[in-house]
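Below: one structure, written as structure tokens.
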Amino acid sequence: MKPSFIGIAGNIGVGKTTFTRMLCDYYGWEPHFEVVVDNPYLSDFYADMKKWSFHLQIFFLGKRFKVQKKIQNLTQTIVQDRTIYEDAMIFAKSIHEFGNMSDRDWDCYREIFYEMTSYLKKPDLIVYLQASTDSLISRIRKRGRDYEQSIDPEYLHLLNIHYDNWIHSLQESGEINTLVIPTDNKDFVADEEFRVESFRLIYQILQNSKK
């Protein structure tokens, strides 16, 4: 199979990083993980979203743009933990609608985003790990990151709405291949059958799209 670019999409706490790592270990693909630990704005953002939202989103946008520039000419299959498209279509959009980003900053952010992404290769496949808001809250509490414990459930719910709408729009347009994997009451780590079946489905879609 020719090298492919796969984006793993999904809300906060859904398990993208674990899924990405296990998928790459299974097939020997190259992972690119989201910058979280070294993000200088994340804790400030959760403490004061209105003040730090633009800074946070610009940081994420720049980091993901650098990653996607590196994978323009694929020599092996790349799996990215969260795509650059989610920054604008999901997170910045939700922050703006929630009243935590001004119209001026939102307009500026979108202009930068569309200019950046016009130069980038689109993913061959976006895998959307889907979970209910209740499931996300439970997983966030379980992994115990201090700065995440104050996340507003309404914010998570709005993110979920935008994720579902975004994936639906991609399916309608046929712009990018998509695969939706419902994860409520599922555990990729413990349930080997579910994990392997998901991995094989991803491989099959990529294989069929390269014919």
Side-chain angles (χ1 to χ4, degrees), residues 2-12 14 16-17 20 24 29-46 49-129 155 158-179 206 209:
K2 294 180 181 179
S4 301
F5 171 25
I6 306 164
I8 306 300
N11 209 336
I12 301 164
V14 77
K16 296 179 305 301
T17 300
T20 298
C24 288
W29 292 340
E30 181 180 328
H32 285 269
F33 296 106
E34 183 178 26
V35 178
V36 174
V37 176
D38 296 328
N39 189 320
Y41 295 107
L42 204 55
S43 295
D44 290 330
F45 168 72
Y46 283 127
M49 288 188 174
K50 187 169 291 188
K51 181 178 180 180
W52 294 103
S53 61
F54 185 74
H55 305 75
L56 178 81
Q57 291 306 130
I58 289 295
F59 177 88
F60 275 131
L61 190 63
K63 289 293 185 181
R64 266 188 269 276
F65 183 72
K66 286 175 68 175
V67 169
Q68 289 199 214
K69 279 202 307 180
K70 292 178 181 178
I71 59 180
Q72 290 296 90
N73 299 309
L74 294 174
T75 58
Q76 61 179 311
T77 293
I78 300 292
V79 183
Q80 187 176 20
D81 172 9
R82 184 165 285 145
T83 68
I84 196 170
Y85 305 99
E86 292 161 79
D87 284 328
M89 305 301 179
I90 314 298
F91 287 90
K93 185 176 183 179
S94 296
I95 290 168
H96 174 249
E97 290 185 6
F98 224 63
N100 288 318
M101 182 184 289
S102 69
D103 291 343
R104 180 179 62 178
D105 286 348
W106 171 233
D107 289 342
C108 178
Y109 176 87
R110 283 191 300 171
E111 184 176 350
I112 296 170
F113 168 81
Y114 285 118
E115 182 64 23
M116 280 183 165
T117 53
S118 67
Y119 295 96
L120 296 177
K121 169 184 170 60
K122 290 182 171 62
D124 296 293
L125 173 65
I126 288 180
V127 179
Y128 172 37
L129 305 182
Y155 174 61
L158 182 59
L159 293 175
N160 260 353
I161 291 172
H162 284 316
Y163 262 113
D164 289 341
N165 290 341
W166 175 56
I167 293 297
H168 179 72
S169 70
L170 291 179
Q171 292 171 334
E172 288 279 298
S173 67
E175 180 184 358
I176 300 174
N177 288 324
T178 61
L179 171 64
L206 291 173
S209 68

(message) Classify the ring geometry of Tyr85 against Phe113: parallel below 30°, tilted from 30° to 60°, perpendicular beyond 60°.
(response) perpendicular
(request) Taking the side chain as every heavy atom from C-beta outward, state whether Leu120 and Phe5 have any atom pair closer than 4.5 Å. (result) no
(message) Is any side-chain heavy atom of Ile6 closer than 4.5 Å to one of Trp29?
(response) yes
(message) Quick one, Ile95 and Phe54 - any side-chain contact, counting heavy atoms below 4.5 Å?
(response) no
(request) Ignoring hydrogens and angles, tell me if any N or O in the side chain of Arg82 forms a donor-acceptor pair with the backbone of Gly10 under 3.5 Å. (result) yes
(request) Let me see the working for Trp166 and Ile126 under side chain to side chain contact (heavy atoms under 4.5 Å, CB included), right down to the final yes or no. (result) CA-CA 11 Å; Trp166 175 56; Ile126 288 180; 3.6 Å; yes
(message) Here's a test for you: under side chain to side chain donor-acceptor pair (under 3.5 Å), which of Thr83, Asp87, Asp81 qualifies with Arg64?
(response) Asp87
(request) For Gly7 and Pro123, work out which heavy atoms get closest and say how close. (result) N-CB, 4.3 Å
(message) Can a side-chain donor-acceptor contact be found between Tyr163 and Glu86 if the only test is distance below 3.5 angstrom?
(response) yes
(request) For side chain to side chain contact (heavy atoms under 4.5 Å, CB included), just list the numbers for Lys51 and Asp44, CA-CA rounded to whole Å, side-chain angles, deciding distance to a tenth of an Å, and then say yes or no. (result) CA-CA 8 Å; Lys51 181 178 180 180; Asp44 290 330; over 6 Å; no
(message) Can a donor-acceptor pair be found, under 3.5 Å and without considering hydrogens, that links the side chain of Ser4 to the backbone of Asp124?
(response) no
(request) In sequence, state the C-alpha distance, the side-chain angles, and the governing distance for Met49 and Tyr46, and then conclude on side chain to side chain contact (heavy atoms under 4.5 Å, CB included). (result) CA-CA 6 Å; Met49 288 188 174; Tyr46 283 127; 4.0 Å; yes
(request) Give a yes or no answer on whether the side chain of Ser173 reaches the backbone of Leu170 with a donor-acceptor pair at less than 3.5 Å. (result) yes
(request) Locate the shortest heavy-atom distance separating His162 from Ile90; write the atom from each residue and the value. (result) O-CD1, 3.3 Å
(request) Report yes if some heavy atom in the side chain of Gln171 is under 4.5 Å from a heavy atom in the side chain of Ile167; otherwise report no. (result) yes
(request) Can you see which heavy atom on Leu158 is nearest to which on Ser94, and at what distance? (result) CD2-O, 3.7 Å
(request) Heavy atoms only: give me the nearest Lys16-Asn11 pair and the separation to one decimal. (result) NZ-O, 3.3 Å
(request) Kindly indicate whether the side chain of His96, heavy atoms from C-beta on, has any atom under 4.5 Å from the side chain of Tyr109. (result) no
(message) Which heavy atom of Trp106 sits nearest to which heavy atom of Ala88, and what is that distance?
(response) CH2-O, 3.8 Å
(request) Taking the side chain as every heavy atom from C-beta outward, state whether Tyr128 and Asp164 have any pair of such atoms under 4.5 Å apart. (result) yes
(request) Mind listing the closest non-hydrogen atom pair of Leu179 and Leu125 along with its distance? (result) N-CD1, 3.9 Å
(message) Tell me whether the count of non-hydrogen atoms from other residues, nucleotides or ligands lying under 6.0 Å of CD in Gln76 goes above 12.
(response) yes
(request) Would you mind reporting whether Phe91 and Ile12 have side-chain heavy atoms less than 4.5 Å apart? (result) yes
